[in-house]
Structures are given as structure tokens and as C-alpha cells.
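Basis for what follows: all heavy atoms, side chains included, without hydrogens, waters or symmetry-related copies.
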Amino acid sequence: MSRVAVAAVAAGLVGGGGVIRAGGVERPAKLAVLLARLTPAEKLDLVQARLSRPQAGQATVVTLPGIPRVGLPAVRIALEGAQGAPSPLALMASWDLGLAHRVGLASARSARAAGQAAVPVGGVGPVGVGRTRDGEDPLLAGSVMGAMAAGLMSGHVLPLFGGDDAGRAGPSVLPGDRMLGLYLAIGQAHGGGILCRTTVAAARPCGDTDRMGRTIREGWRFGGMVTEVADREADGDGTSRLPFLLASIADGVDLEASPSGADGLYAVPLRQALRSGAMPWSRLDTMAERILRTFDESGVIDRPAPYVTPQAAAGLSSARDPLLDEEMAEGAVLLQNENDVLPLAGTQAEPVLVVGTGGTHDAAGAVAEAMRRTGQVVRLAADSPGDGGVPADAAKADCVLVFSDGRQDDRLIAALAGNGGHVVVVLLSDDPDRPMPWLDLVDGVVQAWSWRGGGAPALAALLTGQKDFAGRLPATFTGGRAPADVGRGGYKAFDRAHVAPLFPFGYGLSERARFTYSDLRVTRDGTRLVVSFGVANAGSGAGRDVPQIYLDLPAGVGDAPKRLVGWRTVQLAPGQGAHLSMGIDAHLLGQWNAPALEWVVPAGDYTVSLGAHSANLVRHVALHLPEMHVPGALPPGPAAESTVRDE
């Protein structure tokens with residue numbers, strides 16, 4: 001069982017006198033000593049990195065050369081993430097913070113083995129890249145990806161919140177949701193940096209969120225570094241790039257990376273700004289301090305990753321950690337199970353026919369072999385004919401398990417279903433908007449995300465009933481038909497339009513467990529709500545449930561009728577029940593007030609609802625809340641500012 005740990009709202013500032021105080025714990029201010037040893041030229045070097053131009057099949061790498069004279073190691077960041085890093089949606093679909101932390105540790109081991117000291121963390125960040133990477137809820141994305149980032153930090157790898165999809169930014173959640181998700185992730189991880197990646201240097205490298213620098217620095221008191229990476233340098237000389245530099249600094253940027261060159265994006269305009277007085281030298285000190293502190297908090301300075309040549313790193317095998325297989329299994333979502341087709345039971349008389357085409361053929365073969373090891377009788381079909389044709393042996397199959405990674409397989413799936421046998425479709429892509437014209441023709445549908453590698457035993461265990469499905473959707477599955485603004489709001493857009501989605505946010509089935517809810521109670525404790533309820537398993541088998549709590553807002557408040565404010569996970573045997581509780585902090589009840597730099601909960605009538613997913617809420621409690629104001633600072637810890645700064 002894991003519980004939703006949401007960041008407590010508290011101020012996190014102290015400091016001075018040569019001591020850094022983090023969460024009430026004092027330690028020698030070695031970074032202040034280190035900073036004092038740096039020359040102005042070295043500080044200028046520290047705030048600039050180099051971006052390698054990758055060869056085919058290699059990751060884009062940012063390198064911060066380091067300063068050997070004072071013991072600062074070189075730092076390498078692979079922008080495509082650590083080897084074996086899971087899909088953000090697959091990890092969010094587990095709704096399991098403990099698992100996310102363990103996955104972060106496993107990813108840290110892979111990253112360090114490849115010589116990487118920092119990796120991007122998808123799903124959260126100031127610039128959205130769309131529902132296929134970000135999901136659609138800030139609480140889920142921020143909590144889960146923040147827990148993964150905490151695992152990375154425990155493994156001495158720096159997480160950079162912002163993902164790795166440069167140049168592919170698309171419709172995303174609302175800016176307020178993006179900032180809430182980032183706030184929660186930093187609070188959950190108690191550290192990390194922020195990554196703003198763009199195709200070419202722009203006036204606002206961290207996106208279109210207004211006053212980001214003031215929000216994260218003055219409001220949140222975020223003391224970590226913000227990195228801006230541009231794949232292509234801005235046009236013009238240093239003078240023409242000066243406005244871009246000043247806009248970047250206003251957004252809170254401390255470190256920039258650009259393609260290898262003598263000057264980079266910052267060098268000339270930064271020197272001009274310092275010499276002219278447009279930017280004080282103390283600001284350069286602040287930027288350098290944030291960079292040093294951020295790497296130090298993750299253990300990167302004291303425990304640098306071993307040096308691995310780019311050629312060796314590219315050739316490393318992506319050996320998959322067993323924990324990542326567990327992650328894949330926990331995130332797989334059972335969407336449909338008509339006629340109780342799952343769990344599968346292949347026999348000599350009626351073997352299961354496994355079909356995989358194109359990019360899924362190897363994955364299908366690996367799962368077929370894993371199913372055989374569980375005692376199932378399975379036949380692997382040859383690569384099926386194109387243009388919707390079916391394997392020759394499919395006509396006599398009573399049960400067909402077909403793997404699909406795109407819409408090109410729709411005719412094949414419909415043709416297989418037309419043969420009269422049972423058909424189970426396993427979706428191996430991260431496309432929440434994929435149409436499923438064959439849905440009413442097949443018996444079972446499993447969403448297994450963009451998995452390809454060593455997780456075959458885990459998926460086979462789910463399909464054969466040795467392990468129950470526990471995943472829940474982190475994004476609404478629209479079936480290709482959705483309100484116009486679904487890319488911005490996800491399930492909130494469906495609520496506004498009063499349209500039922502194909503599969504709602506938070507949805508997921510169990511093979512044998514059936515869960516019921518009771519006794520929802522809500523009390524107010526200062527600026528927090530305390531929610532408790534009962535859950536019981538009325539089914540014939542054990543299973544893990546993810547009961548979810550949503551808040552209905554007063555009319556005219558917020559961007560949507562309701563929002564997710566909490567969840568719990570619980571494993572229950574048949575007939576077993578449990579009483580669960582959770583606290584819900586004020587920043588999930590209200591909105592961020594940028595001018596006042598605080599969270600505000602408007603006075604009004606609210607409703608707290610409990611259910612299995614966003615479209616199936618079965619218990620409700622109405623309550624009136626007074627207007628509440630809560631300071632916006634991050635919880636005490638490494639992510640908070642370490643020194644008092646002039647206002």
C-alpha cells in the first residue's frame with residue numbers, strides 16, 4: 001500500500017553566517033567556500049554548457065566541463081533520458097509512489113553506468129509537450145514523477161524536470177496546471193532542477209507562463225537551477241541577443257546549453273550585460289551558487305558518475321532492471337474484459353494464438369514464450385499478411401491475442417474478430433486518442449504502453465491471471481472523438497462539455513476483484529481537509545484498488561467543474577475491507593494567485609466525491625469552505641532557497 005504524499009505548505013528560508021539550513025538541519029556551507037574560490041571567468045564558464053550534435057541512434061548530450069582546479073567534476077546529461085527509463089505515462093498509470101521511487105533508483109543505476117550525472121524527468125515541467133508525455137492531471141503527474149525524481153537523487157543522479165521532447169511541444173494542460181504539477185514534483189523530490197528545452201532560442205525559453213521567474217524564485221523560494229537548452233543558436237551577434245539573455249534571466253534561468261562553439265548563447269551578451277551594469281555581478285554569483293547547490297544536493301559533486309566515452313555509452317546494452325519490468329506490469333491497464341476472456345487459459349485442444357505484426361512481432365514472441373513457461377499452450381503466428389489480411393491459422397483459433405502499436409492494425413484486428421473466436425488486443429503505444437473502431441467486436445483490451453523489451457514475464461503473468469491488473473489510466477482515452485480543448489484539459493474538457501469519453505481518466509478494471517465504497521467523511525483541519533472512507537472487495541479474487549477523491553468547485557471558480565485531489569492504493573483479498581484516510585492541502589483546493597504569490601481557496605460550497613474513476617463517483621459530501629490564503633513557499637528542504645535574498 002502506498003499513500004499520496006502531497007507537499008506540505010511551509011516557508012523554507014533561513015541562512016546566513018556561513019551556514020546553510022535545509023529543513024531545520026545545519027551543515028557547513030562548503031558551497032560558499034567553493035564559490036568564493038571561483039574566478040569571474042570560471043563563474044562565466046560554469047553557467048554555460050555545450051550541446052553535442054548526436055549521430056544517428058545516439059542521444060543528444062549536454063556537457064558541463066567542470067572546473068578541475070577546485071574539484072568540480074564534469075557533468076554529462078543525456079537529453080533522451082537514462083537507458084531503460086520508462087514511459088512517463090506507464091509510470092503514472094501505476095498510481096504508486098513507492099514503485100516510482102524504486103524505478104528512479106533503477107534508472108539512476110542505468111544512468112551512472114552510462115556516465116550520466118543528470119537525466120530529464122518527463123511528465124512535468126514549465127513547457128508542456130502533450131498528453132502522450134505529460135498525462136493530464138497535475139497532482140498525478142507531479143506526485144508520481146516527483147517520487148521517481150527522489151529515487152534518482154537517492155542514486156546520486158540529478159533529475160531535471162522538463163522532459164526531453166524539444167521541438168515537439170503540442171497541446172498540453174493549462175499553464176496553471178503545469179505550474180502546479182511542477183510545484184508538487186519539486187516538493188515531492190525535495191530537490192532537482194528545471195529544464196526548459198526549445199528548438200531555437202526564443203524570447204521566453206521556459207514557455208508562455210507569465211512571470212515564471214517571480215513565481216518560482218520569490219513565491220516558491222525555489223533555490224535549484226533552471227537550465228535552458230536550445231538546439232540552435234539565436235541569430236545575430238551578442239548585442240542583438242541581449243534581450244533574449246535578460247528575458248532568460250527574468251525567467252530564472254541559471255545554466256544555458258547550446259551547440260558547441262566559442263561563444264554559445266550567453267557568452268557575449270552575458271559579458272556585455274555584466275560590464276554595462278545591465279546585470280549585476282551578484283546575479284552571476286547567484287546563478288553559479290544555484291548550479292553548485294543543485295548538483296551537490298544530488299551527490300553529483302561528491303560522487304561523480306564514472307567517465308564513459310560517448311562511443312562506449314552508445315554501445316552499452318540497455319540491460320533491463322527487474323524493477324522496470326515491475327513498473328511495466330503495475331502500469332498496464334485492463335480496459336475491457338467481455339465474457340471473462342481474461343485470464344487466458346490455453347490448452348492442447350484450444351491453444352492461444354499470438355499475433356504480432358511489424359514493430360510488435362518480437363514483443364509478441366517474447367510474451368508467447370513467457371506464457372509457455374507458465375504452462376499455457378500457445379502458438380505464435382507468422383508475421384501476418386499486410387492490408388488487413390490474417391494469418392492462415394487464425395481461422396481455427398478459439399482465442400487470439402494480438403499486439404498492436406498503431407492504427408495500421410485496425411483492419412487486421414477487425415478481420416480476426418470476424419472469425420468468430422475470442423480476441424484480446426494488447427496496445428503497445430502511448431496514444432490516448434487512438435480510435436478503436438473494432439472495440440465492440442473484441443472481448444478484451446489491455447493498454448500496455450510503449451513497452452518492447454524484457455517485461456515479457458510480467459505481462460504474461462497479467463494475461464494468465466498469475467497477477468491481477470492494477471493500472472489506472474493517467475489520461476482520458478478519447479477514441480479519437482473529443483471536445484476541441486481536450487489537449488489542454490483532458491478529463492476536465494469532457495466535464496465542461498458534458499461528453500462521456502471512451503475510457504475515463506483514472507479508469508481500470510480488475511480480472512476478479514470488485515470494489516465497493518462506503519462511509520465517506522470529510523473534516524477541515526485548518527487549511528487542510530481530512531478525508532476518510534471505507535473500501536471492500538466484493539469479488540472472487542484478490543486485487544489492488546485505487547480509490548480516487550475529486551473536488552467539485554463552486555460555480556465560477558477554477559477552470560473545470562472538478563479536479564483530482566487525492567487517492568490511495570490498497571490490496572484486498574476477497575471479502576476483505578479497509579478504512580483509509582488522507583489529508584488534502586490547500587494548494588489542491590484553490591488556485592495560485594500570481595500577484596500575491598500565494599495559494600487562495602475562494603469561499604463557497606464545495607463537494608468532495610469518492611469513486612473508481614473520474615466518471616464513476618459514488619459517494620459525495622458537501623461542505624462550505626471559508627476563504628483561505630496559504631504562502632506559496634515549497635516545503636523545507638534542499639529545493640528551498642538556502643540564503644536570505646534582498647527583496
Side-chain angles (χ1 to χ4, degrees), residues 15-22 26-51 62-77 117-118 156 158 160 191-195 213 217 222-229 238 242 245-246 248-249 251-258 260-305 307 638-646:
V19 171
I20 294 178
R21 186 186 300 268
E26 294 184 355
R27 60 186 176 91
K30 63 176 182 179
L31 299 183
V33 175
L34 185 60
L35 186 65
R37 294 182 61 195
L38 297 179
T39 67
E42 287 171 336
K43 292 173 186 176
L44 283 168
D45 287 341
L46 186 62
V47 302
Q48 298 174 80
R50 289 294 177 262
L51 184 72
V62 170
T63 301
L64 190 61
I67 304 175
R69 183 182 67 81
V70 296
L72 285 179
V75 173
R76 296 175 70 245
I77 308 166
H156 311 304
L158 172 66
L160 293 174
I194 296 174
L195 173 64
R217 299 305 188 190
F222 173 64
M225 74 174 186
V226 177
T227 301
E228 186 268 323
V229 175
L242 185 58
L245 168 71
L246 297 178
S248 298
I249 300 301
D251 273 343
V253 172
D254 306 297
L255 173 67
E256 70 89 13
S258 59
S260 298
D263 290 334
L265 296 176
Y266 272 14
V268 173
L270 186 55
R271 286 194 296 267
Q272 290 178 345
L274 290 168
R275 291 168 180 169
S276 68
M279 192 179 89
W281 283 93
S282 61
R283 189 59 179 266
L284 179 63
D285 290 342
T286 299
M287 294 163 65
E289 182 203 16
R290 288 170 180 160
I291 294 169
L292 294 174
R293 290 183 62 244
T294 303
F295 282 111
D296 182 63
E297 287 157 2
S298 297
V300 170
I301 294 179
D302 292 337
R303 301 174 182 85
Y307 176 73
E641 286 275 13
S642 64
T643 57
V644 176
R645 304 200 182 280
D646 294 334

Please report the C-alpha distance between T227 and I77 in whole Å, then the side-chain angles of each, then the deciding distance to 0.1 Å, and finally whether the side-chain contact (heavy atoms from CB on, under 4.5 Å) criterion is met. CA-CA 11 Å; T227 301; I77 308 166; 5.8 Å; no

Does [Y] offer a backbone N or O that forms a donor-acceptor pair with the side chain of [X] under 3.5 Å?
X: D254; Y: V226; result: yes
X: R217; Y: G252; result: yes
X: R50; Y: L64; result: no

Assess the residue pair V300 and V75 against the criterion (side-chain contact (heavy atoms from CB on, under 4.5 Å)); give the C-alpha distance rounded to whole Å, side-chain angles, the decisive distance to 0.1 Å, and a yes or no. CA-CA 8 Å; V300 170; V75 173; 4.1 Å; yes

Is there side-chain contact between V47 and L270, with at least one heavy-atom pair below 4.5 Å?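 Yes - at least one pair of side-chain heavy atoms lies under 4.5 Å apart.
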
Derivation of the side-chain contact (heavy atoms from CB on, under 4.5 Å) call for L284 and L274: CA-CA 9 Å; L284 179 63; L274 290 168; 4.0 Å; yes

I'd like to check the side-chain contact (heavy atoms from CB on, under 4.5 Å) partners of [X]; sequence neighbours left out, ordered by chain and number.
X: P280; result: S282, R283
X: P304; result: P73
X: A278; result: A273, S276
X: T294; result: L158, M225

When rounded to the nearest 0.5 angstrom, what is the spacing between [atom1] in [X] and [atom2] in [Y]?
X: L46; Y: T39; atom1: CG; atom2: OG1; value: 10.5 Å
X: L38; Y: E289; atom1: CG; atom2: CD; value: 11.5 Å
X: H156; Y: F295; atom1: NE2; atom2: CZ; value: 15.5 Å
X: L35; Y: I291; atom1: CG; atom2: CD1; value: 10.5 Å

Looking at F222 and G193, what are the two nearest heavy atoms and their distance?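 Closest pair (atom of F222, atom of G193, distance): CZ-CA, 4.4 Å.
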
Smallest separation among heavy atoms of K43 and D285, with atom names: NZ-OD1, 2.7 Å

Once side chain to side chain donor-acceptor pair (under 3.5 Å) is applied, do any residues pair with R69, and if so which ones, sequence neighbours excluded? E42

May I have the step-by-step check of side-chain contact (heavy atoms from CB on, under 4.5 Å) for M279 and I249, ending in yes or no? CA-CA 9 Å; M279 192 179 89; I249 300 301; 4.1 Å; yes

